[in-house]
4 protein chains.
Amino acid sequence: MARQRKKSEIRKQQILDAAIAVFAEKGFHSSRVSDIARRAGVAYGLVYHYFDNKEEILRTIFLERWTFILQVIENLLNEDKRSAIDRLRSFLIFIIDVYKRNAALVDVIMLELLHSPEFMREEVVRGFQRAAGGIEELMRQGQEAGEIRKKTNPTTFAVLYFGAIEVTFNAVALRVVDIDAMPSEDWADSIMDQLSHGIAARD
Amino acid sequence: MARQRKKSEIRKQQILDAAIAVFAEKGFHSSRVSDIARRAGVAYGLVYHYFDNKEEILRTIFLERWTFILQVIENLLNEDKRSAIDRLRSFLIFIIDVYKRNAALVDVIMLELLHSPEFMREEVVRGFQRAAGGIEELMRQGQEAGEIRKKTNPTTFAVLYFGAIEVTFNAVALRVVDIDAMPSEDWADSIMDQLSHGIAARD
Amino acid sequence: MARQRKKSEIRKQQILDAAIAVFAEKGFHSSRVSDIARRAGVAYGLVYHYFDNKEEILRTIFLERWTFILQVIENLLNEDKRSAIDRLRSFLIFIIDVYKRNAALVDVIMLELLHSPEFMREEVVRGFQRAAGGIEELMRQGQEAGEIRKKTNPTTFAVLYFGAIEVTFNAVALRVVDIDAMPSEDWADSIMDQLSHGIAARD
Amino acid sequence: MARQRKKSEIRKQQILDAAIAVFAEKGFHSSRVSDIARRAGVAYGLVYHYFDNKEEILRTIFLERWTFILQVIENLLNEDKRSAIDRLRSFLIFIIDVYKRNAALVDVIMLELLHSPEFMREEVVRGFQRAAGGIEELMRQGQEAGEIRKKTNPTTFAVLYFGAIEVTFNAVALRVVDIDAMPSEDWADSIMDQLSHGIAARD
DNA sequence: AATGAATGAGACTTCATTCAT
DNA sequence: TATGAATGAAGTCTCATTCAT
């Protein structure tokens with residue numbers, strides 16, 4: 001039984017992985033169920049054995065994968081004892097490394113879920129709000145610790161922070177930037193330096 | 001003839017406006033040519049009188065509208081004699097006001113063109129690079145004027161700057177933020193304060 | 001008025017000529033009314049001023065042109081005082097020369113009318129029967145004059161005779177044969193020799 | 001599997017047979033894929049399961065069926081030990097009988113392929129040239145055997161021979177002649193007599 | 001579990017024809 | 001006469017989904 005369960009689970013993962021790859025390449029709407037099946041090496045009828053329909057595949061990707069990422073984020077942000085700015089830098093490095101290891105997944109999240117079909121809007125928004133809430137909380141911790149400027153608006157900061165991530169991923173997706181040629185630390189340092197000290201010259 | 005020309009031009013604009021509205025609502029792929037026609041109040045056959053196909057409608061929107069926006073950007077950035085930071089703030093206000101007046105258009109640009117169908121990728125990338133180049137140039141002007149910190153990397157700044165715009169528009173598109181309740185100046189001030197002074201507490 | 005009539009007549013001919021050219025090139029079904037109009041150098045709406053619909057253009061071509069050819073045939077066959085075989089040879093030369101001067105027209109007759117749309121079947125059949133009847137009559141004249149073998153079946157002969165013409169025109173239409181490189185007299189002589197003397201060796 | 005293969009093969013034949021019938025009735029251009037499907041008793045989507053598009057159906061008919069006929073021709077012509085004229089008569093009988101048994105197929109070949117859509121022109125021409133080549137070769141054999149008049153031009157003969165077939169089939173297709181009322185042998189004898197002995201009276 | 005044949009809604013697009021100017 | 005904008009029926013083809021095996 002356990003054997004069966006596992007085999008079935010593996011098949012499902014095969015299909016999900018294939019779906020991520022195909023969605024990343026062609027987008028959700030332009031991907032055919034048969035593309036996914038072919039990529040997974042199964043007959044397309046089998047896809048319907050594991051998923052109710054095409055939408056559910058996307059939803060499952062979101063739930064299984066992205067939610068997982070969000071949890072990692074939360075853990076990283078909440079449990080770490082380092083300074084807030086340090087943790088923000090760590091997360092940038094972490095998220096870029098996730099991309100480097102699984103670009104297709106992040107592409108799907110960026111290109112498909114973020115600008116998401118009606119049927120997923122609510123879930124997506126909730127997910128983002130959780131993430132943004134985590135960052136804001138982190139900022140408040142930093143402010144209490146005297147490490148973050150009191151005048152900083154945590155929400156505005158979260159906007160800039162996620163904006164930096166989003167725009168970077170978009171640039172990569174559009175092939176304007178070659179992510180493999182970009183050391184994660186350098187990028188993170190560059191962003192965090194800017195966010196920390198601003199652009200204004202000090203007299 | 002001139003009369004005819006004008007009437008024909010008006011019809012074309014009607015269809016383009018309808019297309020922007022429909023694309024903004026449902027996205028390019030989910031929009032039917034018949035949706036656009038109905039919205040424009042014409043028979044769907046007429047759409048093909050003015051455009052070769054659905055793709056060309058999107059391409060025309062991009063060329064006619066976004067290119068126009070980019071020109072406005074360039075003018076604003078290059079011709080203004082105010083301080084760089086002031087001009088960056090002005091542009092934020094300008095772009096948000098464009099959105100307030102024509103949310104659908106910006107939605108289409110954000111949701112469809114940015115994560116663009118293969119057939120437009122190159123044009124879109126070129127368009128963005130022009131815009132980013134403008135911001136970087138502005139930064140350099142500010143650095144020469146002693147107004148912008150020399151250590152600032154203009155490219156990184158452009159990333160943060162556009163990231164802020166993108167993520168804001170996305171938030172609006174996802175209805176997380178109500179843009180009408182958000183005074184343009186306050187938002188711009190908030191973003192520019194952050195970008196100017198950073199989050200780090202000063203000893 | 002006469003002036004008007006003539007101008008109107010000329011326009012109509014322009015459109016017919018254009019239609020013949022276009023039908024010959026692309027076939028009736030694949031030809032668009034706008035193709036014909038463009039070829040004739042008029043707006044496509046004007047076509048409907050002169051013809052009720054597309055079918056009527058084809059029908060008019062048939063009636064005006066092919067009927068005319070058939071009359072020429074009849075005259076040639078009936079009025080000529082030369083021997084029957086001579087006259088048959090003359091007609092072959094004549095018909096090939098018609099082709100050389102107006103290939104498109106003959107192509108339309110061969111490719112479109114012969115394998116004709118339902119709406120023209122009857123007229124086409126009648127036209128052919130008239131032509132075949134002419135040939136048969138000619139044969140009988142020849143038999144009475146002792147010039148043509150009595151055993152010859154006039155109908156069978158007409159089949160072979162028209163078959164030779166049809167298959168030649170088809171070969172030209174399919175570009176298997178270059179009609180301009182083929183002297184009309186040689187071709188006619190070759191066919192008539194065959195038809196006159198047969199292939200069987202004489203003991 | 002073998003069972004599956006066979007069933008699938010049968011379905012494909014069903015659709016091809018339906019297509020032949022429909023094409024013969026209405027012509028390629030006027031035939032709707034849905035007509036074919038309805039005739040075959042399947043949903044029209046299934047047609048696209050077996051064929052890429054409508055053109056491919058016609059091409060398959062040509063390749064599978066006509067090529068087969070040509071092979072039969074070649075065998076008949078090359079392998080037979082009887083006199084050339086005898087073999088030519090046999091082939092006429094054979095081809096008429098093919099028609100009697102499968103009029104639709106021959107109609108399609110005559111009406112659609114012969115005056116063929118651009119996309120098949122080359123294949124069709126090649127096919128015809130093979131057939132004509134066979135006839136010419138047969139003539140030469142007959143000339144060497146002293147059975148055929150040396151003066152006969154094999155190519156001209158082939159023109160007349162195929163012309164007779166084509167014009168007969170056309171006459172049947174146009175319903176000028178009732179093929180079922182026409183004994184194959186009589187027709188073949190009539191044609192061959194004419195072709196053998198000519199029409200000229202012998203002094 | 002697995003296959004892929006079968007279905008049919010639905011989308012794009014073409015183009016003959018009408019009609020206002 | 002002449003134009004070409006406007007209409008919409010009709011056709012091809014795609015593809016998500018179902019289902020028999």
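All heavy atoms count here, side chains included; hydrogens, waters and symmetry mates do not. Chain letters run A, B, ... following the sequence lines, proteins first and then strands; every chain starts at 1. On a predicted model such as this, the values are computed, not experimentally measured, just so you know.
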For B:H29, enumerate each residue passing the side-chain hydrogen bond (donor to acceptor under 3.5 Å, both in side chains) test, keeping only those at least two apart in sequence or located in another chain.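 For B:H29, the residues satisfying side-chain hydrogen bond (donor to acceptor under 3.5 Å, both in side chains) (neighbours in sequence not counted) are A:S30.
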
By side-chain hydrogen bond (donor to acceptor under 3.5 Å, both in side chains), which residues pair with C:R38, not counting sequence neighbours?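 Result, side-chain hydrogen bond (donor to acceptor under 3.5 Å, both in side chains) vs C:R38: none returned.
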
Partner residues of [X] under the salt bridge (charged side-chain N to carboxylate O under 4.0 Å, His left out) criterion, sequence neighbours left out:
{"X": "C:D17", "result": "C:R65"}
{"X": "C:E122", "result": "C:R126"}
{"X": "D:R39", "result": "D:E25"}
{"X": "B:R11", "result": "none"}

Can you list everything that forms a side-chain contact (heavy atoms from CB on, under 4.5 Å) with [X]? Sequence neighbours excluded, please.
{"X": "D:A37", "value": "D:V42, D:Y44, D:V47"}
{"X": "C:T60", "value": "C:L16, C:F51, C:E56, C:E64"}
{"X": "C:A43", "value": "none"}

Which is true for C:F51 with a 4.0 Å heavy-atom rule: it touches a base, it touches only sugar-phosphate, or it touches nothing?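 The residue C:F51 makes no contact with any strand.
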
Which nucleotides of DNA chain E pair, in dot-bracket form (Watson-Crick or G-U under 3.5 Å, | meaning another strand): .||||||||||||||||||||

So which of residues 14-23 of chain B are in contact with DNA chain E, with a heavy-atom cut-off of under 4.0 Å?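 Output list: empty, so none.
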
Polar-atom pairs under 3.5 Å, protein N or O versus N or O of nucleotides 13-15 of chain E: list them with distances, or write none.
{"unit_1": "E:dT13", "atom_1": "OP2", "unit_2": "B:Y48", "atom_2": "OH", "d": "2.9"}
{"unit_1": "E:dT13", "atom_1": "OP2", "unit_2": "B:K54", "atom_2": "N", "d": "3.3"}
{"unit_1": "E:dC15", "atom_1": "OP2", "unit_2": "C:R32", "atom_2": "NE", "d": "3.4"}
{"unit_1": "E:dC15", "atom_1": "OP2", "unit_2": "C:R32", "atom_2": "NH1", "d": "3.2"}

Atom-pair distance (NZ on D:K12; C1' on E:dG4), nearest Å: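 Roughly 15 Å, once rounded to whole Å.
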
When the distance from CG of D:D35 to P of F:dC13 is rounded to whole Å, what number comes out?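 So the CG-P distance, D:D35 to F:dC13, works out to 14 Å.
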
Nearest-nucleotide 5' precedence on DNA chain E, A:V47 against D:Y50: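 Of the two residues, A:V47 wins.
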
Is any side-chain N or O of A:H49 closer than 4.0 Å to OP1 or OP2 of E:dA1?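 For A:H49, the contact criterion (side-chain N or O under 4.0 Å from OP1 or OP2 of E:dA1) is met.
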
At less than 4.0 Å, is any side-chain N or O atom of D:R11 found next to OP1 or OP2 of E:dA6? Yes or no.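 Yes.
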
Starting from the C-alpha separation in whole Å, work towards a yes-or-no answer on side chain to side chain contact (heavy atoms under 4.5 Å, CB included) for A:F28 and A:V108. CA-CA 8 Å; A:F28 178 74; A:V108 172; over 6 Å; no

List the atom of B:S31, the atom of B:K26, and the distance in Å for their closest heavy-atom pair.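 Nearest heavy atoms, B:S31 then B:K26: OG-CB, 3.9 Å.
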
